[in-house]
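Each remark here refers to the structure printed beneath this line.
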Amino acid sequence: MLRLFHSKFNGRTLLSHPPKPLLTFTFLYYPLFRSSLVSETSLHFQAISSYHCDPLLSNLLVALKSLSSVSSCRVVHARVIKSLDYRDGFIGDQLVSCYINMGSTHDAEKLFDEMSHKDFVSWNSLVSGFSKRGHLGKCMSVFLRMKSDLVFELNGVTLISVISACASAKASDEGQYIHCCAVKLGMMLEVKVVNALINMYGKFGCIDSASRLFWAMPERNMVSWNSMVAVCAQNGIPNEAINYFNMIRVDGLFPDEATMVSLLRAFENLHLGRSVEAIHGVIFTCGLNKNLTIVTTLLNLYSKLGKLIASHKVFTEISKPDKVAWTAMIAGYAMHGQGKEAIEFFERTVREGMEPDQVTFTHLLSACSHSGLVEEGKYYFRIMSDVYRVQPRLDHYSCMVDLLGRCGLLNDAHCLIKHMPLEPNSGVWGALLGACRVYGNINLGKEAAENLIALDSSDPRNYIMLCNIYSAAGLWSDASKVRALMKAKNLNRNPGCSFIEHGNKIYRFVVDDHSHPDSDKIHKKLEEVMRKIQEAGFVSETESILHDVDEEVKTKMINKHSEKIALAYALLVTSADVPIVIVKNLRICRDCHNTAKFVSLIEKRVIIIRDSKRFHHFSDGLCSCGDYW
DNA sequence: TTAGGGTTAG
């Protein structure tokens with residue numbers, strides 16, 4: 001791979017598209033617009049509008065799109081109507097986009113209905129606005145109105161907006177319908193339309209459909225290739241991503257920033273460490289280490305692969321890290337349960353003059369939660385709005401419920417949910433349910449699970465958690481009712497599996513796995529290790545077993561969990577001085593967590609397990625999570 | 001080069 005990169009990129013820059021220069025007008029007035037002061041915006045608008053110059057007005061509205069204030073948009077709207085009848089035409093279209101971008105679909109629809117001369121751009125502004133804001137229903141209904149009533153023909157822009165909305169909402173039926181429309185309208189020769197469809201099928205997990213579309217294209221561009229690399233990356237097939245990457249030259253094209261970012265992301269879920277290091281080498285050699293987007297992806301990738309030191313090294317080599325890069329480091333520390341370091345980094349971020357935003361606070365609060373830093377978490381939750389004017393979103397409430405719940409403050413967590421100004425989502429209730437399971441609170445757990453099931457009755461995890469709570473309390477008949485409900489709804493538990501890399505290969509183990517050629521040896525090793533740690537005081541915790549069977553059977557079942565098999569395999573094939581790295585697709589159970597702690601002590605090994613939520617570094621009988629997870 | 005669209009970072 002290294003050779004490939006050298007042959008392709010030697011002496012060339014990969015940044016094929018330098019950023020477009022901002023319009024001078026927008027640039028000059030940007031600080032003003034950022035201030036969100038309606039009166040000032042209005043004042044300057046007055047000065048500008050006296051020129052009666054259309055491009056300036058248009059540029060003003062482009063700049064206004066960066067605001068989040070509906071009221072400032074209304075000021076402009078009022079003046080447009082009052083002084084210059086610009087309600088129709090491109091100013092009206094821009095205002096429609098502005099309103100939707102700012103979250104006021106009501107204003108947008110009202111203005112749109114008032115516009116007497118609507119052309120296809122007006123309609124497309126509405127469709128694209130709804131698409132960007134994630135209003136699939138409204139997007140579809142405008143599209144259907146266009147399709148049935150309109151004198152204008154639907155064009156590629158219309159279709160792309162609706163396709164994009166279907167992709168974001170993972171609306172498979174609607175997406176396939178739009179695909180049929182595109183075929184009927186003869187749009188399948190438009191590269192951008194097909195690119196949007198490829199991206200949509202990728203989001204649905206339909207890799208075959210995406211690749212069939214891709215290979216049927218009479219003409220492909222860089223976005224087409226990047227879309228396929230992204231499809232493979234998003235669907236966890238890194239080798240295919242590399243294949244597409246290697247084939248880009250077939251069309252005489254060169255990888256750009258988006259290609260590299262997608263390629264790196266392809267390795268997020270698998271420990272192909274050497275491949276990542278090879279790509280890193282190339283990024284450095286080709287001078288791509290000056291590209292903030294690529295480097296931030298790289299440092300984030302190292303964090304996700306358990307290599308926090310490498311991640312930090314990448315960060316220190318960035319000459320001018322931006323807010324995203326700082327936040328990526330905070331996220332890295334949060335993921336690894338290093339809450340104090342995350343806080344330190346946050347304070348440095350602020351000292352460096354960066355303005356923390358909602359994402360920064362999400363990771364900071366998550367770091368506090370993962371490290372049991374309750375007072376610190378409460379403090380930052382308070383000052384995020386008081387000092388930094390960042391209004392808490394659902395993510396932040398989830399973190400706070402998690403933070404309070406993990407340390408047993410279940411009533412405080414419940415109280416926060418009851419008094420939060422937003423409608424709690426599955427993240428918020430899920431955090432409470434997780435805590436109820438740990439602390440065996442049946443009443444609150446039931447409430448959380450019922451809310452979760454009401455929000456999404458098709459997610460098996462909600463039923464499993466409720467079942468766990470009943471099982472742990474010995475309420476077997478309630479547990480079996482939940483199991484029966486799952487069966488009636490045909491909901492299957494996502495099977496747990498663990499991955500481990502050895503000899504440049506990835507091995508996957510499921511529960512009670514016997515597929516490996518050395519399976520007998522692995523299971524013998526597992527039995528030996530379990531015996532050793534039991535002699536040292538380890539006691540099985542069988543609460544995660546859902547079935548009403550006796551303890552002996554439960555112990556046998558839990559001793560065959562995939563992460564235990566992966567651990568036994570690693571003990572067999574790796575040398576003692578190498579850390580053992582295991583990736584689990586679900587959350588690690590309490591019993592496997594205890595097992596890893598004991599094994600790290602008895603076998604004197606460093607064990608790193610990444611579960612679906614975070615990293616656990618085991619050493620000398622302790623875990624970096626401090627048993628908060 | 002005045003308006004609407006497809007890929008990529010926390």
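Note on naming: letters A, B, ... go to the chains in the order of the sequence lines (proteins, then strands), and numbering restarts at 1 for each one.
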Rounded to the nearest angstrom, tell me the gap between atom [atom1] in [X] and atom [atom2] in [N].
X      : N      : atom1 : atom2 : answer
A/L365 : B/dG10 : CG    : P     : 18 Å
A/M187 : B/dG5  : CE    : P     : 16 Å
A/L253 : B/dG6  : CG    : P     : 20 Å
A/L154 : B/dG5  : CG    : C1'   : 14 Å
A/M329 : B/dA9  : CE    : C1'   : 15 Å
A/D395 : B/dG10 : CG    : C1'   : 12 Å
A/I163 : B/dG4  : CD1   : P     : 19 Å
A/E268 : B/dA9  : CD    : P     : 9 Å

Is the phosphate of [N] approached by [X] (side-chain N or O, under 4.0 Å from OP1 or OP2)?
X      : N     : answer
A/S128 : B/dG5 : yes
A/K132 : B/dG5 : yes
A/N199 : B/dG6 : no

Is the base of [N] touched by the side chain of [X] through a donor-acceptor pair closer than 3.5 angstrom?
X      : N      : answer
A/T327 : B/dG10 : yes
A/D357 : B/dG10 : yes
A/N221 : B/dG6  : yes

If I compare all heavy atoms of A/M329 with all of A/S311, which pair ends up nearest, and what's the gap?
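So the minimum-distance heavy-atom pair works out to SD-OG, 3.6 Å.
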
Base, sugar-phosphate, or nothing: which does [X] touch, judged by heavy atoms less than 4.0 Å apart?
X      : answer
A/T158 : nothing
A/T297 : sugar-phosphate
A/V191 : base
A/L292 : base

Set of side chain to side chain donor-acceptor pair (under 3.5 Å) partners for A/N289, sequence neighbours left out
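Side chain to side chain donor-acceptor pair (under 3.5 Å) check on A/N289 returns nothing, list empty.
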
With respect to the side chain of [X], which nucleotide from [options] is positioned closest?
X      : options              : value
A/N300 : B/dG10, B/dG6, B/dT8 : B/dG10
A/Q234 : B/dT8, B/dA9, B/dT7  : B/dT8
A/A196 : B/dA9, B/dG10, B/dG6 : B/dG6
A/A258 : B/dG4, B/dG5, B/dT7  : B/dT7
A/V324 : B/dG5, B/dG6, B/dG10 : B/dG10
A/T360 : B/dA3, B/dG10, B/dG5 : B/dG10
A/V223 : B/dT7, B/dG10, B/dG4 : B/dT7
A/S161 : B/dG5, B/dT8, B/dG4  : B/dG5

Does [Y] offer a backbone N or O that forms a donor-acceptor pair with the side chain of [X] under 3.5 Å?
X      : Y      : answer
A/T158 : A/L154 : no
A/H396 : A/F361 : no
A/N124 : A/V127 : no

Return the set of residues passing ring-ring contact (aromatic ring centres under 6.0 Å, His included) with A/F381 (not counting sequence neighbours), or none when no residue passes.
A/Y397

